[in-house]
Amino acid sequence: MTAAVFWQLVLGFGAISLVSVGGGIAVLPEMHRLVVEVHGWMSDADFAQRFALAQAAPGPNVLVVGLFGWHVGGVAGMLTAVVAMTLPTSLLAFGFSRLRARLAGRFWLRVTERGLVPIAVGLIGASGLILAQGTATGWVPAVLTACSTLFVWRTDCSPLWVLGAGAMVGLAFL
Amino acid sequence: MSDDAPPRPVPTLLDLFLTYGRIGLIGFGGINAWARRVLVEEKRWLTDQDYAETLGLGQVLPGPNALNAAIMVGDRFHGTAGAIAAPAAMFGGPLVLLAGLAMFYDAYGEVPVVKAVLAGVAAAAAGMVLGTAAKMTQKIRPPPALLGVGLCALVAAGVFRVPLPYVVLGLAPFGILGAWRALSAK
């Protein structure tokens, strides 16, 4: 990885991270612009495949930037991209966390916190819907998703059971 | 609010690190649903309301919301050390795994068996995420105005695919107004 590419990763992902309100995946179109259109580091198909790989693996969705970095500069590129994408906003979140502790109990802060709750829960639901639309390629995965929804909603058993069942069903039918 | 359960345990720094490491490695389909499962149901360090409030703030701030939430949870229990330990553990495990996967793909390309297993896991993980949203709604029991805001967020982002910054910043004033009316009425 050359110094030029290093700075392109740092500045490119650093700038994107600062506008990523709503989460890392909200800025996927901007990432596509940086990686495919501006720098021509990879093709459209490569981009889509890396994204699918990161989605299939466990962990924060934003780690897809690690795969883009990997493609450009191996392990060093991976670490550079991940740090550039996470460090600026992490410092901001930490500063906010301190402010929040100092202001704890103020009426307007409690109102704000409570008012954001339905958005947080609604967006978890939305990401579930989007994932389900992507995985429901036939009736088998659709039924699997429906059973898993009911299992996690109606029982307190570990959701790892449904992941295990999903792996078996995938092996047998998909 | 709804929980008058026994006092909640406070994790040690090592607990925090190991627990977030586990959340990262089992986090299929995204971290948030798994973080809630482990922090609220298994460890009982936070209530559903606590977790949802932290995540909501994490969504309004720029940056990955699961990361913002991990920093706030870490800071809450162990200050600066916690704010570093929790996200480092959450990212570290999956990053090593992803590097392995990337090397594997570079060497062998797609393997049909692996692809089939991952497709099954992904379908199950989608249900896990949907089930978590339903469960959180049931536990938090929001007043009708806030339930409406939540449904708007669900439909706007999940069905119409409205970009997330518009959803978050557009609905936040309505959520805050709804919460203000609910809290003032008490």
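So that the names make sense, note that chain A is the first sequence line, chain B the second, and so on, each numbered from 1.
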Enquirer: Hey, what do you get for CH2 (A:Trp70) to CG (B:Leu95), rounding to the nearest 0.5 Å?
Expert: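 One finds 10.0 Å between CH2 of A:Trp70 and CG of B:Leu95.
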
Enquirer: Does a sphere of radius 6.0 Å around CZ in A:Phe107 hold more than 12 heavy atoms from other residues, nucleotides or ligands, not counting ones at 6.0 Å or beyond?
Expert: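 Correct, the count exceeds 12.
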
Enquirer: CD1 of A:Ile119 to CG of B:Leu164: how many Å apart, nearest 0.5 Å?
Expert: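 The CG atom of B:Leu164 is 11.0 Å from CD1 of A:Ile119, to the nearest 0.5 Å.
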
Enquirer: Taking the hydrophobic residues Ile, Leu, Val, Met, Phe, Trp and Tyr, and joining any pair whose side-chain heavy atoms are under 4.5 Å apart, which ones share a cluster with B:Leu18?
Expert: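 Same cluster as B:Leu18: B:Leu14, B:Phe17.
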
Enquirer: Please identify, among A:Val143, A:Ile16, A:Leu67, the residue contributing the most non-hydrogen atom pairs under 4.5 Å to chain B.
Expert: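 Option with the top pair count is A:Leu67.
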
Enquirer: Between atom CZ of B:Phe28 and atom CG of A:Leu160, what is the distance when rounded to the nearest 0.5 Å?
Expert: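 Answer rounded to 0.5 Å: 9.0 Å.
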
Enquirer: Can you tell which part of A:Arg98 gets under 4.5 Å to a heavy atom of chain B, answering side chain, backbone, both or neither?
Expert: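 Both parts, backbone and side chain.
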
Enquirer: Is it the backbone or the side chain of A:Phe94 that comes under 4.5 Å from a heavy atom of chain B, or both, or neither?
Expert: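 Both backbone and side chain of A:Phe94 come within 4.5 Å of chain B.
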
Enquirer: If you round to the nearest 0.5 Å, how far is CZ of A:Arg110 from CD of B:Glu53?
Expert: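 One gets 9.0 Å once the value is rounded to the nearest 0.5 Å.
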
Enquirer: Using non-hydrogen atoms and a 4.5 Å limit, figure out which bit of B:Leu118 sits close to chain A: side chain, backbone, both or neither.
Expert: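 Side chain only.
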
Enquirer: From A:Trp108 CH2 over to B:Leu183 CG, what is the distance, rounded to the nearest 0.5 angstrom?
Expert: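 Rounded to the nearest 0.5 Å, the CH2-CG separation comes to 14.0 Å.
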
Enquirer: By a 4.5 Å heavy-atom criterion (distance strictly below it), what part of B:Arg161 contacts chain A: side chain, backbone, both, or neither?
Expert: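 Answer is side chain: those atoms of B:Arg161 sit under 4.5 Å from chain A.
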
Enquirer: Which bit of A:Thr86 comes within less than 4.5 Å of chain B, counting heavy atoms only: side chain, backbone, both or neither?
Expert: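 For A:Thr86, heavy atoms of backbone and side chain both lie under 4.5 Å from chain B.
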
Enquirer: Starting at CD1 of B:Ile176, measure out to OG1 of A:Thr112 and round the result to the nearest 0.5 Å.
Expert: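 Between B:Ile176 CD1 and A:Thr112 OG1, I get 4.5 Å after rounding to 0.5 Å.
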
Enquirer: Would you find a donor on one side and an acceptor on the other, under 3.5 Å apart, between the side chain of A:Thr145 and the backbone of B:Ala123?
Expert: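 Yes, because the side chain of A:Thr145 sits within donor-acceptor range (under 3.5 Å) of the backbone of B:Ala123.
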
Enquirer: So what's closer than 4.5 Å to chain A heavy atoms on B:Leu97: side chain, backbone, both or neither?
Expert: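 Just the side chain, heavy atoms under 4.5 Å.
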
Enquirer: Between A:Ala56, A:Ser97, A:Cys147, A:Gly134, which shows the greatest number of heavy-atom pairs under 4.5 Å with chain B?
Expert: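 Going by pairs under 4.5 Å, I would pick A:Ser97.
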
Enquirer: Would you mind telling me which of A:Pro88, A:Ala132, A:Ser127, A:Ser90 has the largest number of heavy-atom pairs within less than 4.5 Å of chain B?
Expert: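 If we count pairs closer than 4.5 Å to chain B, A:Ser90 comes out on top.
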
Enquirer: What part of A:Val169 lies closer than 4.5 angstrom to a heavy atom of chain B: side chain, backbone, both or neither?
Expert: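 When you check distances to chain B, no heavy atom of A:Val169 falls under 4.5 Å.
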
Enquirer: Between A:Ser158 and chain B, which part of the residue has a heavy atom less than 4.5 Å away: side chain, backbone, both or neither?
Expert: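 Both parts, heavy atoms under 4.5 Å.
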
Enquirer: Dump the intermediate steps for side chain to side chain contact (heavy atoms under 4.5 Å, CB included) on A:Val62 and B:Leu67, then the final yes or no.
Expert: CA-CA 9 Å; A:Val62 71; B:Leu67 172 61; over 6 Å; no

Enquirer: In terms of heavy-atom contacts, does CZ of B:Phe174 have more than 12 from other residues, nucleotides or ligands at under 6.0 Å?
Expert: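 No, the 6.0 Å shell around CZ holds no more than 12 heavy atoms from other groups.
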
Enquirer: Counting only non-hydrogen atoms closer than 4.5 Å, does A:Arg100 touch chain B with its backbone (N, CA, C, O), its side chain (CB onward), both, or neither?
Expert: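 For A:Arg100, side-chain heavy atoms alone lie under 4.5 Å from chain B.
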
Enquirer: What part of B:Ala157 gets closer than 4.5 Å to chain A, counting heavy atoms only: side chain, backbone, both or neither?
Expert: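 Both the backbone and the side chain of B:Ala157 come within 4.5 Å of chain A.
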
Enquirer: Go through the atoms of A:Val75 and report whether side chain, backbone, both or neither lie under 4.5 Å from a heavy atom of chain B.
Expert: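 When you check distances to chain B, no heavy atom of A:Val75 falls under 4.5 Å.
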
Enquirer: Side chain to side chain contact (heavy atoms under 4.5 Å, CB included), that's the test. Do A:Glu113 and B:Leu57 meet it? Break it down for me.
Expert: CA-CA 7 Å; A:Glu113 287 171 349; B:Leu57 292 170; 3.9 Å; yes

Enquirer: Ignoring hydrogens and geometry, is there a side-chain-to-backbone donor-acceptor pair from B:Lys135 to A:Val152 under 3.5 Å?
Expert: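 Yes, because the side chain of B:Lys135 sits within donor-acceptor range (under 3.5 Å) of the backbone of A:Val152.
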
Enquirer: Given heavy-atom pairs under 4.5 angstrom as the criterion, report whether the side chain, backbone, both or neither of A:Leu92 touches chain B.
Expert: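 Interface part for A:Leu92: side chain.
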
Enquirer: Select one option (side chain, backbone, both, neither) describing which atoms of B:Leu25 are under 4.5 Å from chain A's heavy atoms.
Expert: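 When you check distances to chain A, only backbone atoms of B:Leu25 fall under 4.5 Å.
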
Enquirer: Considering only heavy atoms, which portion of B:Pro163 lies under 4.5 Å from any heavy atom of chain A: side chain, backbone, both, or neither?
Expert: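 Neither part.
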
